[in-house]
Amino acid sequence: MANRIVLNETSYHGAGAIQEIPGEVKKRGFKKAFVTSDPDLIKFDITSKVTKILEENGLTYEIYSDIKPNPTIENVQNGVEAFKKSEADYIIAIGGGSSIDTSKAIGIIISNPEFSDVRSLEGVAPTKDPSVPIIAVPTTAGTAAEVTINYVITDVEKKRKFVCVDPHDIPVVAVVDPDMMASMPKGLTAATGMDALTHAIEGYITKGANPITDMFNIKAVELIAKSLRGAVDNTPEGREGMALGQYITGMGFSNCGLGIVHSMAHALGAVYDTPHGVGNAILLPTIMEFNANETGDKFRDIAKAMGVENTEKMTSEEYRKAAVEAVKKLSADVGIPADLKEIVKEEDIQFLAESAVADACAPGNPKEASLEDIISLYRSLL
C-alpha cells in the first residue's frame, strides 16, 4: 500500500521569518489579505507584527477576529460572510490552532460552497477544490495547524468537537517564526507544548504510522523533550526548539493520524472548554499505559528520545514504564495538572466517552478501545 505525504508548498523557519511574507504575496500575485486572528493577539500587539510588515510593503488587508479558543461553527459562518464582503483573495492566519483552523474551514467553504453547512465537513469530506490560499503564521508551538491537513471545529449546540481531514485545506505557505511565540504566557506555552508532544507520541504509535512519519515524529519527541522546559522559561533556545519540534511532528501526524488521547481531549474541550493541550497532557500517560502492549518496541525509542539513559539494557516492561514516567515528569515540570478532578463531572462521563468513540481520531489508536474502556480511562483520572 502506498503512503501519502502532504506538506506545504513552502515553509520558512527561524527568527524573523515573518519578513518573508511580502515576497511570497507579491510572487503569487495576491491582492488583498483576509487576516484572521483572535482578539487577545490583536489586543497584545502580536497580530500587528505582521500587519505592520504588510503596510510597509503597500499590501492591503482586512482583519477578522470573531474567533474563540475552541472555534465554533458560528465563527466559521461569520468568517465566510466577512470574507465574501472583504473582496480578499487570500488569507493570512495569525495565531494558534483556533485562528488557523477557522481559516481552513472558511477557505474550504469559499472554494467549495456546496459545503456551506459546516457540519458537512466532518471526517473526510469529498471537496473538489483547494482552499482559498492560506499563509499560516503560528503564534503557539503546539497544534502544527500550519502544516496539517486537519482542523477541528466545535459544535456548541451538540456539545462536541468534530475533526475535518482534507488535503485541500493545507496552507500553501507556513511561516514559523519563534519571535511570534515569545509573548506566550507560561501556562499556554506548557499546554501547547504538551499538545505537540502528544501529537508526536500518538503519531509514532498510531495504526497509520509508516517509516516516513516515524522519522518525523520520533525526532519531534526528542526536540520537544529537550526544549519545552526552556520554552516555558522563555529562553530563545527553548522557543526555537519548540517551534521546530511542533512543526516536524505536524509533518508526521498529519500524514498518519492520531489516537484516543486526542478523541478524549476533544470531548473535554467541547463540554468544558478545556484547553486542548491540557486535556492531552493529563490523558497522555494513562493512555500510553493502556496502549503499551500493542506498540512493539516503539516505547524504547520514545524513552530514549525523552532522555532516558540505558534503554538498550531494559526489558520491554522497564522501557515502557520509563517512557510513561518521563512524560509524567515533563508534564509536572511545566505545571500541568496530574488528573481530571477539577475538570470532569461523573455525570458527564457517559456522554464524554460516547463523543470520544465517535471522534475521527479514535480509529487510529493502536489498541482497540471500547466505550467501556474509555469510560474506565476517564474515571481512572478522577
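Sequence positions, counted from 1, serve as the residue numbers for this chain.
From Ile302, atom CD1 reaches atom OG1 of Thr311 across 11.5 Å, with rounding to the nearest 0.5 Å. Here the straight-line distance linking atom NE2 of His262 with atom CG of Leu284 works out to 9.5 Å at 0.5 Å rounding.
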Please tabulate, for side-chain N and O atoms in residues 374-382, each donor-acceptor pair with protein atoms closer than 3.5 Å (sequence neighbours left out).
| from | atom 1 | to | atom 2 | distance (Å) |
| --- | --- | --- | --- | --- |
| Tyr378 | OH | Met264 | O | 2.9 |
| Arg379 | NE | Glu346 | OE2 | 3.0 |
| Arg379 | NH2 | Glu346 | OE2 | 2.8 |
| Ser380 | OG | Leu377 | O | 2.7 |

Only distances under 3.5 Å count here; give the side-chain donor-acceptor pairs of residues 267-275 to other protein atoms, sequence neighbours excluded, each with its distance to 0.1 Å.
| from | atom 1 | to | atom 2 | distance (Å) |
| --- | --- | --- | --- | --- |
| Tyr272 | OH | Lys345 | N | 3.0 |
| Tyr272 | OH | Asp348 | OD2 | 2.6 |
| Asp273 | OD1 | Asn70 | ND2 | 2.6 |

Could you tabulate the donor-acceptor pairs under 3.5 Å formed by side-chain atoms of residues 218-227, not counting sequence neighbours?
| from | atom 1 | to | atom 2 | distance (Å) |
| --- | --- | --- | --- | --- |
| Lys219 | NZ | Glu222 | OE2 | 3.4 |
| Glu222 | OE2 | Lys226 | NZ | 3.2 |
| Ser227 | OG | Leu223 | O | 2.7 |

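Inspection of the Thr10 and Lys27 side chains reveals no N or O donor paired with an N or O acceptor under 3.5 Å. Looking at Gln350 and Glu354, their side chains do bring a donor and an acceptor atom within 3.5 Å of each other. A donor and an acceptor atom, one from each side chain of Thr102 and Thr36, are nowhere located under 3.5 Å apart. Under the 3.5 Å distance criterion, with hydrogens and angles disregarded, no donor-acceptor pair is assigned to the side chains of Gln19 and Tyr12. Side-chain contact of Tyr204 with Asp301: a donor-acceptor pair under 3.5 Å is present, judged by distance alone. With no hydrogens or angles considered, a side-chain donor-acceptor pair links Asn75 and Thr72 at under 3.5 Å. The closest side-chain donor-acceptor pair between Asn255 and Arg4, if any, does not fall under 3.5 angstrom. Thr140 and Thr192 share no donor-acceptor pair across their side chains, judged by distance under 3.5 Å alone. A donor and an acceptor atom, one from each side chain of Arg160 and Thr154, are nowhere located under 3.5 Å apart.
Residues that satisfy the side-chain contact (heavy atoms from CB on, under 4.5 Å) test with Lys207, not counting sequence neighbours, are Glu368. Not counting sequence neighbours, the partners of Pro130 by the side-chain contact (heavy atoms from CB on, under 4.5 Å) test are His168. With sequence neighbours left out, the side-chain contact (heavy atoms from CB on, under 4.5 Å) criterion links Ser116 to Ile109. Lys321 pairs by the salt bridge (Lys or Arg N to Asp or Glu O under 4.0 Å) definition with nothing, not counting sequence neighbours. The side chain to side chain donor-acceptor pair (under 3.5 Å) search around Arg229 returns Asp333, not counting sequence neighbours. Annotation: side-chain contact (heavy atoms from CB on, under 4.5 Å) contacts of Ala326 (sequence neighbours excluded): Met306, Val308. Under the side chain to side chain donor-acceptor pair (under 3.5 Å) criterion, Glu237 pairs with no residue at all, not counting sequence neighbours. Taking Asn291 as the reference, Asn365 meet the side chain to side chain donor-acceptor pair (under 3.5 Å) condition, with sequence neighbours excluded.
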Is there a side chain to side chain contact (heavy atoms under 4.5 Å, CB included) between Val324 and Phe299? Walk through the geometry before answering.
CA-CA 9 Å; Val324 172; Phe299 272 39; 4.2 Å; yes
Take Tyr61 and Phe34 through the ring-ring contact (aromatic ring centres under 6.0 Å, His included) test and state the conclusion after the steps.
CA-CA 6 Å; Tyr61 65 89; Phe34 187 72; over 10 Å; no
Kindly determine whether Ser316 and Arg300 satisfy side chain to side chain donor-acceptor pair (under 3.5 Å), including the steps that lead there.
CA-CA 8 Å; Ser316 59; Arg300 186 195 302 274; over 6 Å; no
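Summarising the hydrophobic clusters (Ile, Leu, Val, Met, Phe, Trp, Tyr; side-chain heavy atoms under 4.5 Å, direct or chained), the residues clustered with Phe253 are Leu258.
Tested against Thr127, the residues Asn112, Asp169, Asp166 include a single side chain to side chain donor-acceptor pair (under 3.5 Å) partner, Asp166.
Taking hydrophobic clusters as Ile, Leu, Val, Met, Phe, Trp and Tyr residues chained together by side-chain heavy-atom distances below 4.5 Å, Val232 does not share a cluster with Leu244.
Counting heavy-atom neighbours within 6.0 Å of Glu317 CD, excluding the residue itself, gives a total of 12 or less. By the neighbour-count criterion of 12 heavy atoms within 6.0 Å, atom CD of Glu55 is densely surrounded, having more than that number from other residues, nucleotides or ligands. Around the CD atom of Glu309, the shell of radius 6.0 Å holds no more than 12 heavy atoms that belong to other residues, nucleotides or ligands.
Ring pair His276/His199 is tilted by interplanar angle, where 30° to 60° counts as tilted. In this pair, Tyr247 and His13 present their aromatic rings perpendicular. The plane angle is above 60°, beyond the 30 to 60° band.
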